[in-house]
Amino acid sequence: MGLSNFLSKAGAAASQVLQGYTKELFEEILLRQHVCLAFDEQAATSKEGLQTLDLTVRLLARLYPCLELVPLSSNLDSVKSTLEALAQSINPQVAFGNSGTVTVCIVVGKTKVSYNVPTFYLGSDNWITKFSDSEPVLSGGSDNSLAAGAAACIGAANVFRYVFKDYLPNSSLDTTLSMSLVDYRLNAADPVNPDVRKINIGNVHLVGLGAVGNGFVWALRKSPYLEGNVTGVDGESIDLSNLQRYILTDQDSVDCKKTEVVKNSFCSTGLNIAYHPEHWGEYLEQCCDLTLDTVAVGVDSAKDRILVQASLPKIIFNAWTQTNDLGVSRHIDFIKEPCLACMYLPTEEKQSQSQEIAQNLGLIDVEGEGLIRQYLALNLPVDQVLIERIASAKGISVELLKPYIGYQVQAFYSQVVCGGMLMSFSNDTTAPNNVEVPLAFQSAMAGIMLAAEVIVHAGDSALIQLVRVLASIC
């Protein structure tokens with residue numbers, strides 16, 4: 001049984017929400033866990049059930065070193081093997097144990113299990129996500145993956161809350177939950193659940209193929225009921241720390257362009273997919289037609305969101321995550337309603353980029369900040385001088401930082417600080433300042449919600465639009 005080779009990034013995420021976090025405590029708790037995922041024939045033979053199983057494994061394997069996949073019906077060995085292979089592609093060290101040591105359990109299907117541990121039942125019905133802590137909830141047979149994926153995110157969130165319950169203030173487990181991804185009303189007596197039919201989503205640009213973008217693509221990758229064009233734009237590549245919450249990635253994804261990972265993830269659908277491995281501004285410079293109908297925003301900074309708004313798309317859907325929550329915003333009419341930039345206007349004084357980087361690298365004096373500012377302004381690569389300063393400030397060996405010589409400062413910062421590497425190198429267990437590192441199930445859920453916004457808006461259902469208006473009033 002082994003912890004993943006990208007666990008330091010998961011630690012950076014966990015340190016933002018767990019009280020009394022230390023690297024040693026975090027790893028010790030994970031090594032004590034034996035997470036069970038049980039499923040029966042009802043789950044394994046339904047389209048939505050298989051999608052819930054797929055995303056649940058993608059989420060659990062990124063954090064927990066010991067899983068058990070338990071078929072509750074006969075003739076499901078091939079499904080179990082597929083899911084185990086998926087888990088091992090994410091963390092090759094993951095172990096598969098025996099049910100006698102299960103500490104927490106997730107069940108997909110109609111079968112009730114008798115493990116004497118907290119058990120969470122997941123299911124879905126087209127647009128409706130279902131969860132119960134006591135009784136099975138079934139999975140539907142529609143081609144709609146969104147609610148099935150949301151169920152996986154809610155299940156993974158409850159596992160996390162249970163595993164770290166002693167270190168999560170004011171945290172509680174869900175009991176019975178039903179929610180339509182059309183209007184997000186909880187436990188409604190008449191949840192909105194329109195039939196899946198042919199929907200043309202038009203021309204959609206997905207800006208940002210990171211964690212949220214991965215969730216968006218996962219939700220659409222098997223959608224034969226959708227037509228239209230999706231253009232993915234992202235100029236970055238995958239590094240090892242990204243595996244912590246990029247649900248489409250595995251060990252073979254490292255150093256690949258994000259666009260390539262997304263391209264390889266799409267199955268046969270009615271969507272026409274285009275991929276552009278450039279940053280948004282670079283893409284617009286090369287684009288002959290600057291008419292932007294709908295833009296789905298999955299970037300993770302206010303600056304990048306404002307840049308998207310500055311390109312003046314007709315419609316913007318924006319997904320975001322923060323330490324304690326996540327959500328989506330709709331920007332349908334920039335004349336009458338707030339645009340995306342309005343959501344990210346500064347309300348308080350913040351550190352400059354050089355100040356933030358210098359502080360998180362331990363170069364807290366004026367001279368250190370000036371040094372970082374010089375590297376940024378002159379676009380200088382990280383060199384021996386800089387890593388010696390950082391190693392001395394953080395009390396670590398220079399040898400640990402030598403592999404990063406030649407990186408640009410922003411790329412170095414992304415991997416060593418945002419990626420959690422510095423936390424594992426040094427005795428400093430605090431999360432970096434001004435760096436948000438969501439957990440995998442948060443980012444995946446935000447991406448699924450972003451996809452739901454695009455589809456529902458394109459569905460031209462007067463009933464759906466009316467329900468949304470009423471929900472916003474209430």
Side-chain angles (χ1 to χ4, degrees), residues 1 34-102 104-115 117 119-126 129-132 135-156 159 218-219 221-224 247-252 264-269 440-441 444 448:
M1 176 169 63
H34 187 138
V35 183
C36 172
L37 174 59
F39 56 96
D40 61 16
E41 186 175 9
Q42 196 280 325
T45 57
S46 65
K47 294 179 181 178
E48 294 176 46
L50 286 172
Q51 293 292 70
T52 299
L53 289 171
D54 177 271
L55 186 51
T56 300
V57 169
R58 290 177 185 270
L59 293 172
L60 296 180
R62 293 176 197 281
L63 188 57
Y64 304 101
C66 185
L67 304 178
E68 181 173 2
L69 306 180
V70 181
L72 300 173
S73 308
S74 58
N75 302 319
L76 296 180
D77 288 344
S78 62
V79 177
K80 177 183 177 181
S81 297
T82 298
L83 296 175
E84 287 184 345
L86 175 60
Q88 288 177 320
S89 72
I90 297 166
N91 176 15
Q93 304 303 316
V94 68
F96 301 104
N98 62 72
S99 58
T101 57
V102 166
V104 60
C105 185
I106 288 178
V107 180
V108 184
K110 65 179 183 180
T111 305
K112 187 168 184 176
V113 301
S114 57
Y115 296 128
V117 297
T119 300
F120 308 122
Y121 295 90
L122 311 182
S124 61
D125 176 16
N126 194 15
T129 291
K130 297 181 179 182
F131 173 94
S132 173
E135 299 293 334
V137 287
L138 278 64
S139 297
S142 78
D143 289 317
N144 189 347
S145 302
L146 280 75
C153 296
I154 293 170
V159 170
W218 183 92
R221 68 194 184 110
K222 294 183 179 180
S223 303
I247 59 172
L248 296 176
T249 61
D250 57 27
Q251 295 288 325
D252 291 336
N264 294 334
S265 298
F266 259 103
C267 302
S268 177
T269 71
F441 52 81
I448 291 169

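The CG atom of Leu37 sits 11.0 Å away from the NZ atom of Lys80 when rounded to the nearest 0.5 Å. Between the CG atom in Leu69 and the SG atom in Cys36 there is a gap of 8.0 Å [rounded to 0.5 Å]. Between the NZ atom in Lys110 and the CD atom in Glu135 there is a gap of 14.5 Å [rounded to 0.5 Å]. Between the CG atom in Leu83 and the OG atom in Ser78 there is a gap of 9.5 Å [rounded to 0.5 Å]. In this structure, the separation between OG on Ser124 and NZ on Lys47 is 13.0 Å, given to the nearest 0.5 Å. Note that the CD atom of Glu41 and the CG atom of Asn75 stand 7.5 Å from one another [nearest 0.5 Å].
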| message | I'd like to know whether Leu59 forms a side chain to side chain contact (heavy atoms under 4.5 Å, CB included) with Val159, so could you lay out the CA-CA distance, the side-chain angles of the two residues, the decisive distance to 0.1 Å, and finally the verdict. | response | CA-CA 11 Å; Leu59 293 172; Val159 170; over 6 Å; no
| Test log, rule side chain to side chain contact (heavy atoms under 4.5 Å, CB included), inputs Tyr115 and Val70 | CA-CA 12 Å; Tyr115 296 128; Val70 181; 3.8 Å; yes
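Among all heavy-atom pairs drawn from Asn144 and Glu48, the shortest one is O-CG, 3.7 Å. Closest approach of Cys105 and Ala38 over heavy atoms only: SG-CB, 4.5 Å. Closest approach of Gln51 and Trp218 over heavy atoms only: O-CZ2, 3.3 Å. Counting all heavy atoms, side chain and backbone alike, Leu53 lies closest to Ala43 at CD1-CB, 4.5 Å. Here the shortest heavy-atom pairing between Val94 and Tyr64 reads CG2-O, 4.0 Å. Of all heavy-atom pairs between Asn126 and Ala147, the closest is O-CB, 3.2 Å.
Thr56 places none of its side-chain heavy atoms less than 4.5 Å from the side chain of Phe39. Gln42 has its side chain within reach of Ser139: a pair of non-hydrogen atoms, C-beta onward, lies under 4.5 Å apart. In this structure the side chain of Leu55 reaches within 4.5 angstrom of the side chain of Ile448, judged on heavy atoms. In this structure, Leu122 and Ile154 have side chains that are not in contact, with every pair of non-hydrogen atoms separated by 4.5 Å or more. You'll find the side chain of Val137 stays beyond 4.5 Å of the side chain of Phe131, heavy atoms only.
Remark: the backbone N or O of Ile247 is paired with a side-chain donor or acceptor of Arg62 at under 3.5 angstrom. Side-chain N or O atoms of Gln251 include one that pairs as donor or acceptor with a backbone N or O of Ile90 at under 3.5 Å. Listed for the Ser46 side chain is no donor-acceptor partner under 3.5 Å among the backbone atoms of Gly141. Of the possible polar contacts, none joining the Gln93 side chain to the Pro65 backbone as a donor-acceptor pair under 3.5 Å is found.
Salt-bridge formation is detected for the pair Asp54/Arg221: a Lys NZ or Arg NE/NH1/NH2 atom is positioned less than 4.0 Å from an Asp or Glu carboxylate oxygen.
For Gln88, the CD atom sits in a packed shell: over 12 heavy atoms of surrounding residues, nucleotides or ligands are nearer than 6.0 Å.
When each of Ser73, Pro71, Pro136, Ser74 is tested with Asp40 by the rule side-chain contact (heavy atoms from CB on, under 4.5 Å), just one qualifies, namely Ser73.
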